[in-house]
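What you are looking at is a predicted structure, and each value in this text was computed from that prediction instead of being measured. Convention: sequence-line order gives letters A, B, ...; per-chain numbering from 1. Side chains are part of it too, since the values below use all heavy atoms of this structure and drop only hydrogens, waters and symmetry mates.
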Amino acid sequence: MTALQPRSGRGATRTAREMTRQHLSLPDLLRAIGPGVITGGADNDPAGIATYSIVGATVGYSQNWLLLISTPMLIVIQQMSAKVANVTKSDLATLLRTTFGARVATPAVMLMVIANVITMGADLMAMGAAFDLLTGVKFIYWIVPLAAVMAFVTIFTDYKVMSKYLLWLVAVFATYIFAAFLARPDWGDVLRSTVVPRLTFSPDYLLGAVALLGTTITPYLFFWQASGEVEEKRGVQGIDRRNVDITAGMIWSNCTAFFVIVATGAVLYSHHSTIRTAADAARALEPFAGRYATLLFAIGIIGAGLLAIPVLAASAAFGVAGLAGWRRGLGRHAKNAPQFYVVIGLAFLIAMELAISSVNPIKALFYSQVLDGIIAPVLVVLMLILTSSRKLMGDFVNGLPTRVIGWAAAGVMVLADVAVVYQVATKGLPN
Amino acid sequence: MKDVQERESAVRRIKSWWADVLAGQLDEPHPIHGTDVDVAFKGGVLRLSGELESEDDKQSLLKEAREYVGKGVDEIDAKHLIVAKRNEKPDILEQTLIAAFANPAVAEYARTYLIERGHVEPERVEILDPRQEAKAHELLPEAFGSDVQKAFKAGQAVLILRVDETAAFKVRELLDEETRSIWTIATPPAPRGEKVR
């Protein structure tokens, strides 16, 4: 790794970006990988797994190309979230408030908060359904104890330490890779669907596309990434290492998603089966796990929920606290940041209420991601404006490739949103 | 003279904070390390936890605590008191933080708070009121002129701090969360000593 050098002598004309650029060797690259994988793991929350499963079961592999093009978009957007925090030393909500004013920042942050709470509710239902699969006790009875335990863990213990262990539970989803191979899909078809875009103008297809984009390029991750940088106080000197970490985490996240779609496509779509319950979704793991598919799926969903729900609650709290200028941070004791932790507690309460009053966990999971897909482009555009501002970013302003990929992400998401609104308005919601 | 007074005042506040802790009042932030340190005191065992910026900070806190061993404290447990791991090197880049306050007196309070309690060692600090607009233009990049101008038009004062980039996170956090500035913004990191553009 090249050392960072003080500005003197021949280096005097170098920009701040040049002075912080690092050439990383292979061991450096490997060492750089860490927190980004946790963020990537949190991206595949129960709602994400349910969405990918529904997409695979409903439209087969035909949206794999969306997953492929969304990978660089996700990487670029997460890198922008990290960079803007490291340059401005601020989390996203505070930055939106100080740059665009409360009139823009408040609705933008509140949209994210609402989507987060709805996703938390859906994730709680999914975890309840997973316990239902394991024990036979109806999912609804699991929701209150699960919410209470997770709220306690998030507020009173060190979530960051715990998340390192939870990640191993989410590794269960790696079994989708084996399941996908053992299900013997038509790999030619899989490959064609991945590299050749295929568009179908039907509500099913378009809702699936919006949900897939929403669960991949998901708003709470932008806030989580930026707040994480502020909490860790990393600064601009480590930007290259952060980019490596983020890239690895997001590729891992989308690889998992790809194999979930392939496995469910091969097992369910090819047999014209649909997903109405968690048990249906678990069937995609049967080629690998046989009669243990349900057990494996349930463990994965519980791990994903334990990892993602605190992230969703904390992202909401970071957003609200940033708007209000309150003390914030999961590293702080509850007594030192009371309002921040009250918002976390409230998020859990409302999510619990939503989970109890909903009737179909799978539908709730899917539509929460459609909502994310509708909200995400607004935040992507705001982020692009922030990170393309030379005033704010100085030498760290977005380069052309970042701007092109970022605007392409916003464009694709807006087009998908407009198409889905038109289709649903004219043809109604699919069953 | 002012330095001596500030040091004496800090020592007094630290002693008073420890007296509160030993009396069971554990809610107040430490006068120097603020909310970075958590303290619990039960059955003669003093438990210190949290993440401090440097080994020096940790040792100075432990030194403070050890003074009370045998005077109410039987044992100190600092297993969970850690020093933040930082790979960033100082003296490479610098950053300027600008914060608006209702008036110069409030800005002065914030300045004192940052330096006394926040351990901040700025390379330059200025408090400017609406009569000093020209000086603001000298100190800040042109793009930030309009922000300062807006604050001055509203009759506010601005606190301008130039700090090492590695300290800028801490300073911004204190300005945003502890001093409740009306707003805080940061200029982008720039090579040390670079002329304001």
Chemist: Heavy-atom cut-off 4.5 Å, strictly under: side chain, backbone, both or neither for B/Q95 against chain A?
Modeler: side chain

Chemist: Side chain from CB out, backbone as N, CA, C, O: work out which of these in B/D176 comes under 4.5 Å of a heavy atom of chain A, or both, or neither.
Modeler: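 For B/D176, heavy atoms of backbone and side chain both lie under 4.5 Å from chain A.
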
Chemist: Below 4.0 angstrom, N of the basic side chain to O of the carboxylate: do B/K135 and B/E138 qualify?
Modeler: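 The answer is no: the pair does not qualify as a salt bridge.
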
Chemist: Looking just at side-chain N and O atoms, do A/Q78 and A/T247 make a donor-acceptor pair shorter than 3.5 Å?
Modeler: no

Chemist: Short question: side chain of A/T106, backbone of A/R103 - any donor-acceptor pair under 3.5 Å?
Modeler: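 No, the answer is negative, given that no donor and acceptor are paired below the 3.5 Å cut-off.
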
Chemist: Tell me, side chain or backbone of B/D36 under 4.5 Å from chain A's heavy atoms, or both, or neither?
Modeler: neither

Chemist: Report which part of A/D91 has an atom under 4.5 Å of a heavy atom belonging to chain B: side chain, backbone, both, or neither.
Modeler: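 Contact with chain B involves no heavy atom of A/D91 at all.
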
Chemist: Check whether B/I182 gets within reach of chain A through its side chain, its backbone, both or neither, counting any heavy atom under 4.5 Å.
Modeler: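 Only the backbone of B/I182 comes within 4.5 Å of chain A.
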
Chemist: So which of B/D38, B/D147, B/L93, B/L97 has the biggest tally of heavy-atom pairs under 4.5 Å with chain A?
Modeler: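 Looking at each of B/D38, B/D147, B/L93, B/L97 in turn, B/D38 comes out on top.
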
Chemist: Mind ranking A/A85, A/G235, A/A337 by heavy-atom pairs under 4.5 Å with chain B and telling me who comes out on top?
Modeler: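 It is A/G235.
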
Chemist: Is the shortest side-chain N to carboxylate O distance from B/E133 to B/R131 below 4.0 Å?
Modeler: no

Chemist: Checking A/K335 against chain B: side chain, backbone, both or neither under 4.5 Å from a heavy atom?
Modeler: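 It is the side chain, since no backbone atom gets that close.
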
Chemist: Side chains of A/N398 and A/T387 only: does a donor on one sit below 3.5 Å from an acceptor on the other?
Modeler: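 There is such a pair between these side chains.
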
Chemist: Tell me, side chain or backbone of B/S181 under 4.5 Å from chain A's heavy atoms, or both, or neither?
Modeler: neither

Chemist: Given heavy-atom pairs under 4.5 angstrom as the criterion, report whether the side chain, backbone, both or neither of A/E229 touches chain B.
Modeler: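 Just the backbone, heavy atoms under 4.5 Å.
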
Chemist: Are the side chains of A/T154 and A/Y341 in touch, meaning some heavy atoms are under 4.5 Å apart?
Modeler: no

Chemist: Consider only side-chain N and O atoms of B/T166 and B/D164, and report whether a donor and an acceptor are under 3.5 Å apart.
Modeler: yes

Chemist: Spell out, as yes or no, whether a donor-acceptor pair under 3.5 Å connects the side chain of A/S389 to the backbone of A/I385.
Modeler: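 No, A/S389 side chain to A/I385 backbone: no donor-acceptor pair under 3.5 Å.
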
Chemist: Using only non-hydrogen atoms and a strict under-4.5 angstrom cutoff, which residues of residues 318-328 of chain A touch chain B?
Modeler: A/A324, A/G325, A/W326, A/R327, A/R328

Chemist: Find out whether the Lys NZ or Arg CZ of A/K83 is both under 6.0 angstrom from the six-membered ring centre of A/F396 and within 45° of the ring's axis.
Modeler: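 No, A/K83 does not lie over the aromatic ring of A/F396.
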
Chemist: Between A/D28 (side chain) and A/S25 (backbone), is there a donor-acceptor pair under 3.5 Å?
Modeler: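 Judged by distance alone, yes, a pair lies under 3.5 Å.
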
Chemist: I'd like to know which of A/R97, A/R332, A/K89 tops the heavy-atom pair count under 4.5 Å against chain B.
Modeler: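 Between A/R97, A/R332, A/K89, the count favours A/K89.
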
Chemist: Distance-only check: which donor-acceptor pairs under 3.5 Å involve side-chain atoms of residues 64-71 of chain B, not counting sequence neighbours?
Modeler:
residue, atom, partner, partner atom, Å
B/E64, OE1, B/W18, NE1, 2.8
B/E64, OE1, B/H30, NE2, 2.9
B/K71, NZ, B/E67, O, 3.3

